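Since the structure comes first, as structure tokens, the remarks are kept for the end.
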2 protein chains.
Amino acid sequence: MMILGLVSWMQPVHGYDVRRELLSWNADKWANVQPGSIYHALRKLTEEGLLREVTTEQVGSRPARTTYEITPKGQDELDNLLRGYWWEMKPVTDPFFAALSFLPALPREEAVAALRNRAAQLRAANDGVEVAAEKGWLREKPSHVRWMWELMVARNEGEIAWCERVAGLVESGVSYLPDRMRTADPGWERWREQVD
Amino acid sequence: MMILGLVSWMQPVHGYDVRRELLSWNADKWANVQPGSIYHALRKLTEEGLLREVTTEQVGSRPARTTYEITPKGQDELDNLLRGYWWEMKPVTDPFFAALSFLPALPREEAVAALRNRAAQLRAANDGVEVAAEKGWLREKPSHVRWMWELMVARNEGEIAWCERVAGLVESGVSYLPDRMRTADPGWERWREQVD
DNA sequence: AGCGTAATAGACAAGTTTGACTAACCTACT
DNA sequence: AGTAGGTTAGTCAAACTTGTCTATTACGCT
């Protein structure tokens, strides 16, 4: 759990601090932690004994803010979690896979255009990172943050090549059916017609 | 929504059929659709007028099964959704990113080992796909399914190179601090000590 | 024929996530 | 001096997800 790590690093912190840090990392995008879930998570972690409330102060008559810190048990748990994420591979969940599995529902020309567009977007993203690393905000960030972005770049490069290759295949009119069944009834093409 | 697409393709279907198809695609891994959510999704889509109940038959005294098909409105919506996924890029959510942002919490030797291990696992996965494509189950599947797996392979190749490069950097003892602050107090290393 | 296992179909409570909302305070500008 | 707009801090109901449970039938095996 991301939030546990943040508390360990920033402690003592209150929810709003965590929220700001997460947003500044754009973590709402690549982790699944929306600001709304933070407070629930903090309370749940406290309940489990991984965090501990330190103080609850109130300035003027604003909402009270509760400050948390990590417990030894919480450190242990965090250690285990991190180790898990470092050593085990969780298959990535990507909505584009869902789209891809319905490729036959799209007119071929559109699929080709979309794939080329995707390649272009990926290239633009990669260029953006490169610029940021050389003269932008990335220079101010620790090395491992730069490495994170470079990991995206590395994956994207693979994907760009793939997009172009597959765009070519789709364009060439190659059948979607498995090799064995090339002669069989192309039911999918009919499905496409209905969709349109 | 994945499920809408499946219904459109397999209609008329009942929940259990959808579930089997999803499991056979391993979609519980890369989409976020666990078997438990299917029935709720079907009911919700029906309520929104994107699906329509066809029949509710009962064989013997088993649980009744309700069959669904897609409505014209549902087809429109599906079209829009698919188009969205094809043309817009949603940043991928990957728990490894979370792990990576806490790199300084790990002893350097362990990070290096974990990175090399990750590269090895990725290589193994890629080899597995290659074998499946040449003589395994992948040959029976439609081309775009093979392309899906090849997309994973392409991304993985980028990631393998990255793992090895970063492993080298971490091993070399390069500082995690940003260039500008190399002389400043290495607070993170201290944080690591506490973790340990 | 009898018995254990697997498949069929879905319900459901408990837990999580989310976006929208509140409400006070600051601050910069007219 | 007033006020529009942002920041601070967190609450909350509604929606969604999940794993687990139930109960029946089909199938294979001795």
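So that the names make sense, note that chain A is the first sequence line, chain B the second, and so on, each numbered from 1. Because the structure is a prediction, the values reported are computed rather than measured.
The shortest distance between the side-chain N/O atoms of B/H40 and the OP1/OP2 oxygens of D/dA15 is not below 4.0 Å. Applying the 4.0 Å criterion to OP1 and OP2 of C/dG10, one finds that B/Y16 has every side-chain N and O outside that range. For C/dG10, neither phosphate oxygen OP1 nor OP2 lies less than 4.0 angstrom from any side-chain nitrogen or oxygen of B/R65.
Taking atom CG of A/N32 as the reference point, atom P of D/dC16 lies 17 Å away to the nearest angstrom. Put simply, OH on A/Y39 is 15 Å from P on C/dG19, counting in whole angstrom units. The CG-P distance, from A/L22 to D/dT8, rounds to 15 Å in whole Å. One can place CE of B/M2 at 17 Å from C1' of D/dT17, the figure rounded to the nearest angstrom. Residue A/I3 contributes atom CD1, which lies 11 Å from atom C1' of C/dT17 at whole-angstrom precision. Atom CD of B/E57 and atom P of C/dG10 are 9 Å apart (whole Å). Residue A/L42 contributes atom CG, which lies 14 Å from atom P of D/dA9 at whole-angstrom precision. As rounded to whole Å, 12 Å separates atom P of D/dG19 from atom CG of B/L23.
In this structure, B/V92 shares a hydrophobic cluster with A/V92, the cluster being traced through Ile, Leu, Val, Met, Phe, Trp and Tyr side chains under 4.5 angstrom apart. Listed by chain and number, the hydrophobic cluster partners of A/M89 are B/L122, B/I160, where partners are ILVMFWY side chains within reach of under 4.5 Å, directly or through others.
Base engagement by A/R19 is indicated by at least one non-hydrogen atom pair under 4.0 Å involving a base atom. A/A41 comes within 4.0 angstrom of no nucleic acid atom, judged by non-hydrogen atoms across all strands.
Considering only residues two or more places apart in sequence or on other chains, B/W86 meets the ring-ring contact (aromatic ring centres under 6.0 Å, His included) condition with A/F96. Applying the salt bridge (Lys or Arg N to Asp or Glu O under 4.0 Å) rule to A/R52 yields the partners A/E69; only residues at least two apart in sequence or on another chain are considered. Annotation: ring-ring contact (aromatic ring centres under 6.0 Å, His included) contacts of B/W162 (sequence neighbours excluded): none.
For the segment residues 43-54 of chain B, residues with any heavy atom less than 4.0 angstrom from an atom of DNA chain C are, sorted by number, B/R43.
Remark on DNA chain C: of its neighbouring residues B/A64 and A/I38, the 5'-side contact belongs to B/A64, judged by nearest-heavy-atom nucleotide. Sequence order on DNA chain C of the closest nucleotides to A/P63 and A/M1 puts A/M1 first from the 5' end.
Residues A/Q121 and B/W87 have side chains that never bring a donor and an acceptor to within less than 3.5 angstrom of each other.
Distances from the side chain of A/S37 to the nucleotides C/dT17, C/dT8, D/dT18 place C/dT17 closest. Across D/dT8, C/dT18, C/dT8, the shortest atom-to-atom separation from the side chain of A/Q34 is found for C/dT18.
A/W30 approaches B/S101 most closely through the heavy-atom pair CH2-OG, 4.1 Å.
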